[in-house]
Amino acid sequence: MDVTGSRPRFRFAPSPTGFFHVGGARTALFNWALAKRLGGTFVLRIEDTDEARNRPEWTQGIIDALAWLGISTEDETFEGPFFQSESNEAHLAAAEKLVTAGAAYYCAMSPEEIAERAKLEGVTGYGGWSRDLGTGPGPGHVLRFRVPDGTTVVHDLVRGEVRFDNSVIEDFVLLRGNGSPVFNLANVVDDMSMGITHVVRAEEHLPNTPKQQMLWDALGIPTPTWGHVPVLVNEQRKKLSKRRDKVALEQYRAEGFLADAMVNYLMTLGWSAGDDQEIRPWSEIQELFRLEDVNLSPAFFDVKKLSAFNGEYIRMMSTEELVEACGHWVPAHWDRTRLDAIAPHIQPRLITFADVPQLIDFIFEPVVIDEESWSKVMSAEFSVDILHEATSAYANASEWSADHLKALLEDVMQPFGMKLGKAQAPIRVAVTGRTVGPPLFESLDVLGREETLDRLQSAAQRLGQ
RNA sequence: GCCCCCAUCGUCUAGCGGCCUAGGACAUCACCCUUUCAAGGUGACGGCACGGGUUCGAAUCCCGUUGGGGGUGCCA
């Protein structure tokens, strides 16, 4: 990999957790947009240091989710995936270097001992008690970073200067008692060896940043450019969590949300191009996105608005795209020709593609009469009359087309002096089983004469009892 | 507790000292259109958290208060 060039190198470093978090999706997208526009590189690094989070299939899930978002491993901007666990030696070497330089020291105190002493001294956390004991490495001995006096100033592209008083940062652990490297160390060393120039991640990492920056300094390498973007929150304004909230990207995908809509929506959370336009293609977003324009406050992930975006994107699809997409959401045995014919009529009625089957099932399957709809509509006397007369009119229809079927019903209803909206109701319930659905005459057209007549006659029969 | 971040309609945002009697989008409501339901059109409702400064002038700058969030692990 080219780690010496002047081209910016971004990275996305998720830890495998079994599903892809929408917040992670947004962070990945931010990095991707930047890498693309700046002619840089997007590095994917799987942070699998914690053994509990280390399953091969989790990694594939991440790659699949990224691909769905348009971040493809095939793209020249993409690099990876790399695995944190595979650079263990580099982490250890860096730790050794820090020890040699006197920037880190071993500590034999157990968590219990630390808690005890802290309580005794009335302090919180670790007080650097082993700093100058000259403890050597050994089982159960952790390696700690010797936090220097002074102030650490983090220059953040999103937030400006953030200052931390080093005195409130305790000597944090670099190597666990079993010798394995901990997040802060591994993360920094990997970023260094991968030549990362820009660290763009969620705000929750901001408190880690002074520690990491001290590590960069101690290791003698110029720090990367930081950018901490606000987190995504739920309705209670709490950070999106997998326990309480619907955060899995895969789930939204399974529910029929379009990748384009999801991507576009995600990009409007915490960022705007500065004008009044929200819906725009990725190609434009990519050119417009600036870290400097990212907001500072947490944003609520609103499924209602996501849905609105999705509906918007569905309506922008061409008929071909629409039919193609619908095809993936209905049973394989449903007739393609009929699907092609009805698809355009459901386009403005869709929120997600999961809505498709229930909207048009009556065209492909035996009709199921919704009793509530039936009693509501058929109880009216004129409805019964309309149904009977329309049935015979349709039986003798000279032409089977939406326009003609509509005209025939208009003829039928005329003596009754009613509006089309009312007159179509009994036909609709008889044929589709419900009071709402796609445009009626178009539906009858697609359904065909025979099936339509069958259903009308069944309904008439049922009424005759 | 301590550290850090944040604060414009219910929500996402525009605004970066005068163009703001604060603009757009989603949601909500009303009306129009209409073949049900949608979509579409028009309109309404609704906000600068509070208090001090700075300034001729503050949503915009500074300070404080309050409120919210994040972190505080031998997790990442």
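By convention in this document, chain letters (A, B, ...) are assigned in the order of the sequence lines, proteins followed by strands, and residues within each chain are numbered from 1.
Note on Thr435(A): a base of the nucleic acid sits closer than 4.0 angstrom, heavy atoms only. Across all strands shown, Gly437(A) has heavy atoms under 4.0 Å from base atoms, whether or not it also approaches the sugar-phosphate. Residue Phe183(A) is in base contact, counting any heavy-atom pair closer than 4.0 Å across all strands shown. Using a 4.0 Å heavy-atom criterion, one finds that Gln347(A) contacts no nucleic acid atom at all. Looking at heavy-atom distances under 4.0 Å, Leu440(A) makes contact with a base. At the heavy-atom level, Met109(A) lies under 4.0 Å from base atoms of the strands shown. The residue Lys406(A) sits close to a base: some heavy atom pair falls under 4.0 Å. The residue Gly270(A) sits close only to the backbone: its heavy atoms come under 4.0 Å of sugar-phosphate atoms, none of a base. Residue contacts shown for Arg315(A) are limited to sugar-phosphate atoms, with no base heavy atom under 4.0 Å away.
Among the nucleotides rU35(B), rC12(B), rC74(B), the one closest to the side chain of Val142(A) is rC74(B). Taking only side-chain atoms of Pro348(A), from C-beta outward, the nucleotide of rC5(B), rC12(B), rA39(B) with the closest atom is rA39(B). Closest approach to the Ser297(A) side chain among rU35(B), rA7(B), rG69(B) is made by rA7(B) (side chain taken as heavy atoms from C-beta onward). Considering only side-chain atoms of Ser272(A), the nucleotide from rU13(B), rA38(B), rU35(B) that sits closest is rU13(B). Side-chain atoms of Asn295(A) lie closest to rA14(B) of the nucleotides rC5(B), rA14(B), rC12(B).
Contacts of Glu278(A) classified as salt bridge (Lys or Arg N to Asp or Glu O under 4.0 Å), with partners at least two apart in sequence or in another chain: Lys305(A). Every residue meeting the salt bridge (Lys or Arg N to Asp or Glu O under 4.0 Å) condition with Asp361(A), not counting sequence neighbours, appears here in chain and number order: Arg434(A). Remark: Glu365(A) engages no residue in a salt bridge (Lys or Arg N to Asp or Glu O under 4.0 Å) (not counting sequence neighbours). By the salt bridge (Lys or Arg N to Asp or Glu O under 4.0 Å) test, Asp190(A) pairs with Arg45(A), sequence neighbours left out. Here Tyr265(A) pairs with Phe301(A), Phe309(A) under the ring-ring contact (aromatic ring centres under 6.0 Å, His included) rule; sequence neighbours left out.
Spacing of P atoms, rC33(B) relative to rA59(B), comes out at 43 Å, to the nearest Å. Taking the P atoms as reference points, rG15(B) lies 15 Å from rG24(B), given to the whole Å. Nucleotides rG41(B) and rC50(B), compared at atom P, are 35 Å apart to the nearest Å. Atom C1' of rU13(B) sits at a distance of 16 Å from the matching atom of rC6(B), rounded to the whole Å. Rounded to a whole angstrom, the distance from the C1' atom of rC48(B) to that of rU60(B) is 10 Å. Comparing the C1' positions of rA58(B) and rA25(B) gives an interatomic distance of 27 Å, to the nearest angstrom. Taking atom P on both rG47(B) and rU8(B), the two are 14 Å apart, rounded to the nearest angstrom. Comparing the same atom, C1', in rG46(B) and in rC12(B) gives a spacing of 15 Å after rounding to whole Å.
Atom CD of Glu381(A) sits about 9.5 Å away from atom CZ of Phe416(A), to the nearest 0.5 Å.
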N/O contacts under 3.5 Å, protein versus nucleotides 58-67 of chain B?
none

Taking only N/O atoms, report every protein-nucleotides 25-33 of chain B pair under 3.5 Å with atom names and distance.
| residue | atom | partner | partner atom | Å |
| --- | --- | --- | --- | --- |
| rA25(B) | O2' | Glu278(A) | OE1 | 2.5 |
| rA25(B) | N3 | Lys305(A) | NZ | 2.9 |

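Leu296(A) has its CG atom 10 Å from the C1' atom of rA7(B), to the nearest Å. Atom P of nucleotide rC74(B) and atom NE2 of His91(A) are separated by 18 Å, given to the nearest angstrom. The distance from atom CG of Leu322(A) to atom C1' of rA38(B) is 14 Å, rounded to the nearest whole Å. rU11(B) atom C1' lies 8 Å from atom CZ of Arg237(A), rounded to whole Å. In this structure, CG of Leu359(A) is placed 15 Å from P of rU36(B), rounded to the nearest angstrom.
No salt bridge links Glu116(A) with Lys119(A); every basic N to acidic carboxylate O contact stays at or beyond 4.0 Å. Here Asp355(A) does not pair with Arg349(A) in a salt bridge; the nearest charged N to carboxylate O distance is not below 4.0 Å. For the pair Arg117(A) and Glu121(A), the salt-bridge criterion is met [side-chain N within less than 4.0 Å of a carboxylate O].
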Enumerate donor-acceptor pairs with a distance under 3.5 Å from any side-chain N or O in residues 438-449 of chain A to protein atoms, sequence neighbours excluded.
| residue | atom | partner | partner atom | Å |
| --- | --- | --- | --- | --- |
| Ser443(A) | OG | Pro439(A) | O | 2.8 |
| Arg449(A) | NH2 | Ala397(A) | O | 2.2 |

Using distance only, find each side-chain donor-acceptor pair of residues 138-145 of chain A under 3.5 Å and give its atom names and separation, not counting sequence neighbours.
| residue | atom | partner | partner atom | Å |
| --- | --- | --- | --- | --- |
| His141(A) | ND1 | Gly136(A) | O | 2.8 |
| Arg144(A) | NH1 | Asp171(A) | O | 2.7 |

* To do: List the steps, then state whether salt bridge (charged side-chain N to carboxylate O under 4.0 Å, His left out) holds for Glu235(A) with Arg237(A).
  => CA-CA 5 Å; Glu235(A) 210 150 11; Arg237(A) 303 249 112 213; over 6 Å; no
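For the salt bridge (Lys or Arg N to Asp or Glu O under 4.0 Å) condition, no pair includes a residue of residues 87-96 of chain A, sequence neighbours left out.
Judged by distance alone with a 3.5 Å cut-off, a donor-acceptor contact links the side chain of Arg349(A) to the base of rU36(B).
The stretch residues 199-213 of chain A touches RNA chain B through Glu203(A), Glu204(A), His205(A), Leu206(A), Pro207(A), Asn208(A), each having a heavy atom under 4.0 angstrom from the strand. Within residues 163-173 of chain A, the residues having any heavy atom under 4.0 Å from RNA chain B are, by residue number, Arg163(A), Phe164(A), Val168(A), Val173(A).
Comparing Pro181(A) and Gln424(A) against RNA chain B, the residue whose closest nucleotide sits nearer the 5' end is Gln424(A). Judged by closest nucleotide on RNA chain B, Arg428(A) is the one of Ala13(A) and Arg428(A) placed further toward the 5' end.
Judged by distance alone, the side chain of Arg455(A) and the main-chain N or O of Thr432(A) form no donor-acceptor pair under 3.5 Å.
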